[in-house]
Amino acid sequence: MSTLEMARIHLKKVVIVFVVLFFITPVILVIAYGVNCRNFISPLNEEDYRDAIAKKESPLKMKEDELKKYEERLNTLSVALRRQFPNAVEYILQILDDNIPTIYAITPTHTRHVQKAELVRLTNTFLHVKNFHWILVEDSEYRTPLVTNFLAQSGLRYTHLNTATPKNYKMKENDPHWLKPRGVEQRNLALDWLRENIDIATNSGVVYFADDDNTYSLQLFEEMRFTEKVSVWPVGITGGLKFERPIVGEDGKVKGWYAAWRPQRPFAMDMAGFALNLNLLKKYPNARFDITAKRGYLESSFLTQLVTLNELEPRAELCTKVLVWHTRTEKPKWKEEDAMIAKGQPSDPRVEV
Ligand code: UGA
Ligand code: MN
């Protein structure tokens, strides 16, 4: 190839590259600086554009400022709280968990010598349970100072209610303990309170009837936490037996009841042996305990309105573990106290026992 020919080919290449660059460069520039070009073409639009952004941003900015204020307030509060109770903040954060249902424990309670001791025992247990809300209902015409003050310093989330048992159903001091049903209207009031005050659309929850004299393991609350309708388990020291329990079949369903006394009752178990999903209260707005129910049929009077045997959910390893005990506190002997009162030397009434 001659030198001239080679020079011609080179020139051809240079021309092609030049032509390609000549047409492509403006396209690349337009793509890369498109926004600026637009602004350049119409500088007025930029202002409009800024205004529009500012308009969108201003409510957001206000919310942000508001949130900042709340954050500061929370900080101040938690510092103040920490000063008084060094572990309070960690404790509160640890017992609240938005992702698990709340346990609403309903406890009827009545004035007697051991009442405060019972409430202390319960509180010491309940303080360890996450997402726990205590509904304490006094069997009384009014909310007593003892219970009011007790709850205020308990550290628990609570609701304090009261309703007196109708006179004809109220137990007398020396009646045998089984003569009349106990805690019935108190539980019914708590059920109505839940229906009226807890929005089930935004709150998932489980309802448990926790009498003030029983003994509860912490595990029990985790067994009941995810109840779809009604969950059941054994109860220790009850019905004159070491324990009573639901009889669970091979298919994992409840078939009947291991109980000495009338096992043919629809739900032959103690109040402490079951929990229900909060949403059943809305589904069955009239479901309640029947104060006129025959002895031993109180639990059945309520549960027959909510579920069938087949729907029960056995817990505590298919009802093979005892996690709650139907303990009963001995009535204290008060003979000497009475004698002192008779002598005109009562103990100091300012001391709360
Ligand atoms: C057994 C069951 O465990 C109770 O759940 C059930 O209410 C009772 O039988 C019944 O058949 O009515 P028991 O241990 O004999 O219970 O009863 P208590 O523990 O004396 O009373 C149950 C709850 O009602 C307790 O929380 C208690 O403080 C409360 N109560 C008792 C009252 O509110 N008012 C009373 O006059 C007596
Ligand atoms: Mn009891």
Side-chain angles (χ1 to χ4, degrees), residues 104-123 125-126 134-144 146-147 150-151 158-191 193 207-216 220 232-241 243-245 257 259-262 265-276 288-303 322-332:
Y104 295 93
I106 297 174
T107 303
T109 187
H110 65 299
T111 301
R112 62 217 194 269
H113 300 319
V114 297
Q115 185 182 31
K116 192 172 182 183
E118 305 278 36
L119 298 182
V120 167
R121 289 171 57 239
L122 288 200
T123 302
T125 302
F126 295 163
W134 197 10
I135 306 177
L136 193 58
V137 194
E138 287 196 71
D139 182 353
S140 161
E141 300 283 354
Y142 58 94
R143 273 164 263 176
T144 63
L146 185 146
V147 175
F150 181 84
L151 283 173
Y158 66 88
T159 299
H160 184 189
L161 306 172
N162 70 288
T163 182
T165 297
K167 283 229 163 57
N168 46 332
Y169 283 104
K170 185 75 184 167
M171 300 250 287
K172 305 235 164 58
E173 181 69 14
N174 294 317
D175 279 349
H177 77 93
W178 43 260
L179 193 68
K180 288 178 180 149
R182 282 129 282 154
V184 181
E185 292 314 327
Q186 291 71 33
R187 294 188 192 101
N188 284 335
L189 178 68
L191 293 175
W193 184 89
V207 180
Y208 181 54
F209 301 102
D211 287 353
D212 63 4
D213 54 344
N214 295 339
T215 305
Y216 307 92
L220 177 74
V232 291
W233 48 80
V235 177
I237 332 175
T238 191
L241 295 171
F243 60 85
E244 284 181 344
R245 69 166 159 179
W257 309 96
W261 194 74
R262 299 209 181 165
R265 283 174 289 162
F267 295 92
M269 62 173 155
D270 186 80
M271 199 67 73
F274 66 93
L276 53 125
R288 57 203 330 268
F289 289 95
D290 181 3
I291 199 164
T292 67
K294 272 190 292 179
R295 182 153 72 89
Y297 282 79
L298 191 59
E299 293 80 358
S300 297
S301 79
F302 178 60
L303 286 170
V322 172
L323 300 173
V324 54
W325 294 261
H326 187 244
T327 41
R328 311 192 80 247
T329 306
E330 190 187 359
K331 208 170 147 192

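Note that ligands are numbered from 1 as they come in the structure, with each ligand's atoms numbered from 1 the same way.
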Which is closest to [atom] in terms of heavy atoms, [options]?
atom	options	answer
atom 31 (C) of ligand 1	R295, H110, E185	H110
atom 4 (C) of ligand 1	L122, V235, D175, D211	D211
atom 19 (O) of ligand 1	N214, T165, D213	D213

Using a 3.5 Å cut-off on N or O atoms only, is [X] in polar contact with ligand 1?
X	answer
H326	yes
P108	yes
R187	yes
K180	no
D270	yes

* Do the ring centers of Y158 and F126 come within less than 6.0 Å of each other? ->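 Distance test on ring centres: not under 6.0 Å, no.
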* To do: Output yes if D212 passes the N/O/S-under-2.8 Å test against the Mn ion (ligand 2); output no otherwise.
  =>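 So D212 does not count as coordinating the Mn ion (ligand 2).
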* **D211 and R187: CA distance, side-chain angles, deciding distance, salt bridge (Lys or Arg N to Asp or Glu O under 4.0 Å) verdict** => CA-CA 10 Å; D211 287 353; R187 294 188 192 101; 2.9 Å; yes
* To do: Mind telling me whether F289 and F302 have parallel, tilted or perpendicular rings, with 30° and 60° as the class edges?
  =>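 Ring orientation, 0 to 90° scale: parallel.
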Nearest protein heavy atom with distance in Å, relative to [atom]:
atom	value
atom 36 (O) of ligand 1	K170 NZ, 3.0 Å
atom 17 (O) of ligand 1	R182 NH1, 3.1 Å
atom 35 (C) of ligand 1	D139 OD2, 3.5 Å

For [X], the ligand 1 atoms whose distance to one of its heavy atoms is below 4.0 Å:
X	answer
T109	28 (O), 33 (O)
P181	12 (O)
L298	7 (O), 12 (O)
H177	15 (O)

We want to know whether [X] and [Y] form a side-chain donor-acceptor pair, criterion being a heavy-atom distance below 3.5 angstrom.
X	Y	answer
T109	E118	no
R121	T215	yes
E138	T111	no

Distance-only, no hydrogens or angles: does the [X] side chain make a donor-acceptor pair with backbone N or O of [Y] under 3.5 Å?
X	Y	result
T159	I135	no
T238	W325	no
Q186	T163	yes
Q115	H110	yes

* CA sep, side-chain torsions, deciding dist, call: K170, D139, salt bridge (Lys or Arg N to Asp or Glu O under 4.0 Å) -> CA-CA 10 Å; K170 185 75 184 167; D139 182 353; 2.8 Å; yes
* Hey, which N, O or S atom on D213 ends up closest to the Mn ion (ligand 2)? ->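 Answer by atom name: OD2.
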